[in-house]
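Reckoned from all heavy atoms, side chains included, excluding hydrogens, waters and symmetry mates.
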Amino acid sequence: LQAEDPLPRAHKGTAARPSFAVTDKPGELRWIDKNQLLRDPAYQRDPVPRKVERIAARWSWMACGVLQAALRGKKAYIYNGWHRREAAMRRAEITNLPVICFRVANLTEEAHGFLTTNTEITAMSAVAKFKAAIITGDVATIRAKQLLDATGYAHTAMLRAGRSISAVARLVEALKI
């Protein structure tokens with residue numbers, strides 16, 4: 001696969017070209033023994049046990065993706081992916097995890113990576129979750145869409161004219177009971 005040009009075509013060769021900066025160096029992909037991965041409680045949040053158990057119960061390598069770590073000497077401190085690491089700890093068949101490792105100068109730089117990853121890279125919107133759950137065949141979500149369609153309502157994020165509802169996640173949750 002060839003990497004896409006990050007500069008939008010509309011900006012090529014124009015005076016309105018935006019200013020871009022690279023603030024650090026590319027990481028290195030490694031497979032690391034899950035027991036060797038560390039977490040720094042100075043800036044990291046505590047894992048949520050229910051979330052860890054949910055990931056462990058239905059492990060998916062696609063969902064796991066790649067964890068992110070800061071290298072301090074030869075030690076890898078996870079700054080994105082600790083719940084996945086904790087879930088892997090509950091699975092004997094999983095010994096190594098894919099980790100992209102970045103060399104950092106200090107703890108401040110490492111915490112900045114954590115903060116940037118968890119605030120500037122946005123979570124999936126409710127409408128994106130709703131649409132994806134329909135495609136995956138989630139019965140409750142499909143039923144919720146049928147109910148919305150039958151009543152003429154739409155999820156507010158779908159920006160359809162007319163009546164809308166914003167609590168679709170609650171509707172889906174209620175239909176799962």
Side-chain angles (χ1 to χ4, degrees), residues 1-6 8 27 29-35 37-41 43-70 76-102 113-177:
L1 296 175
Q2 190 171 1
E4 285 189 31
D5 184 346
L29 182 62
R30 300 180 183 181
W31 282 85
I32 301 176
D33 182 320
K34 65 185 179 184
N35 296 295
L37 298 171
L38 304 169
R39 177 178 77 91
D40 191 324
Y43 68 87
Q44 282 275 341
R45 55 190 167 209
D46 291 329
V48 178
R50 255 178 77 193
K51 185 175 184 179
V52 171
E53 291 304 322
R54 190 172 55 245
I55 295 168
R58 296 183 47 86
W59 184 265
S60 164
W61 282 106
M62 285 178 70
C64 176
V66 179
L67 286 67
Q68 294 170 287
Y77 285 84
I78 298 298
Y79 67 86
N80 185 29
W82 193 254
H83 283 91
R84 290 170 279 160
R85 184 269 188 187
E86 286 294 291
M89 293 300 288
R90 289 159 175 74
R91 306 285 303 236
E93 75 277 19
I94 299 170
T95 55
N96 296 313
L97 291 168
V99 183
I100 186 128
C101 298
F102 298 90
F114 170 79
L115 188 61
T116 302
T117 300
N118 287 287
T119 59
E120 292 184 22
I121 299 175
T122 60
M124 185 183 292
S125 71
V127 73
K129 288 179 188 176
F130 185 69
K131 287 179 173 181
I134 290 167
I135 299 299
T136 65
D138 182 78
V139 176
T141 306
I142 291 169
R143 183 71 184 123
K145 182 169 181 348
Q146 291 169 341
L147 288 170
L148 291 172
D149 289 345
T151 60
Y153 277 84
H155 190 294
T156 52
M158 291 182 175
L159 302 175
R160 193 166 78 189
R163 300 183 311 175
S164 65
I165 185 170
S166 62
V168 173
R170 296 277 186 206
L171 176 60
V172 170
E173 197 175 298
L175 290 169
K176 288 186 178 185
I177 296 174

Side chain to side chain contact (heavy atoms under 4.5 Å, CB included) for Gln68 and Ile78? Distances and angles first, verdict last.
CA-CA 6 Å; Gln68 294 170 287; Ile78 298 298; over 6 Å; no

I would like to know whether Asn96 and Lys34 meet side chain to side chain contact (heavy atoms under 4.5 Å, CB included); could you show each step before the answer?
CA-CA 5 Å; Asn96 296 313; Lys34 65 185 179 184; over 6 Å; no

In sequence, state the C-alpha distance, the side-chain angles, and the governing distance for Asp33 and Thr95, and then conclude on side chain to side chain contact (heavy atoms under 4.5 Å, CB included).
CA-CA 6 Å; Asp33 182 320; Thr95 55; 5.9 Å; no

So Asp46 and Arg39, salt bridge (Lys or Arg N to Asp or Glu O under 4.0 Å) or not? Walk me through it.
CA-CA 10 Å; Asp46 291 329; Arg39 177 178 77 91; 3.5 Å; yes

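Taken from CD1 in Ile142 to CD1 in Ile135, the straight-line distance is 8.5 Å, to the nearest 0.5 Å. Atom CG in Leu38 sits 5.0 Å away from atom OH in Tyr77 (nearest 0.5 Å). To the nearest 0.5 Å, atom OG1 of residue Thr141 and atom CD of residue Gln146 are 11.0 Å apart.
Residues Cys101 and Leu29 have side chains not in contact (no heavy-atom distance under 4.5 Å, counting atoms from C-beta outward). For the pair Val52/Arg90, a side-chain contact is recorded, criterion being any heavy-atom separation below 4.5 Å from C-beta on. For the pair Glu86/Ile55, no side-chain contact is recorded, criterion being any heavy-atom separation below 4.5 Å from C-beta on.
Remark: the backbone N or O of Val48 is paired with a side-chain donor or acceptor of His83 at under 3.5 angstrom. Side chain of Arg30 to main chain of Leu97: no donor-acceptor pair is present (N/O by atom type, distance under 3.5 Å, no hydrogens or angles). In this structure, Arg91 contributes its side chain and Ala56 its backbone to a donor-acceptor pair below 3.5 Å.
Across all non-hydrogen atoms, the minimal contact from Pro98 to Trp31 is CD-CZ3, 3.5 Å. In plain terms, the two heavy atoms of Ala70 and Tyr79 that are nearest each other are N-CD2, 3.7 Å. Nearest heavy atom pair, residue Ile94 against residue Trp61, reads CG2-CH2, 3.9 Å. The minimum heavy-atom distance between Leu67 and Gly81, with the atom names listed, is CD2-O, 3.4 Å.
Under the ring-ring contact (aromatic ring centres under 6.0 Å, His included) criterion, Phe114 pairs with Tyr43, not counting sequence neighbours.
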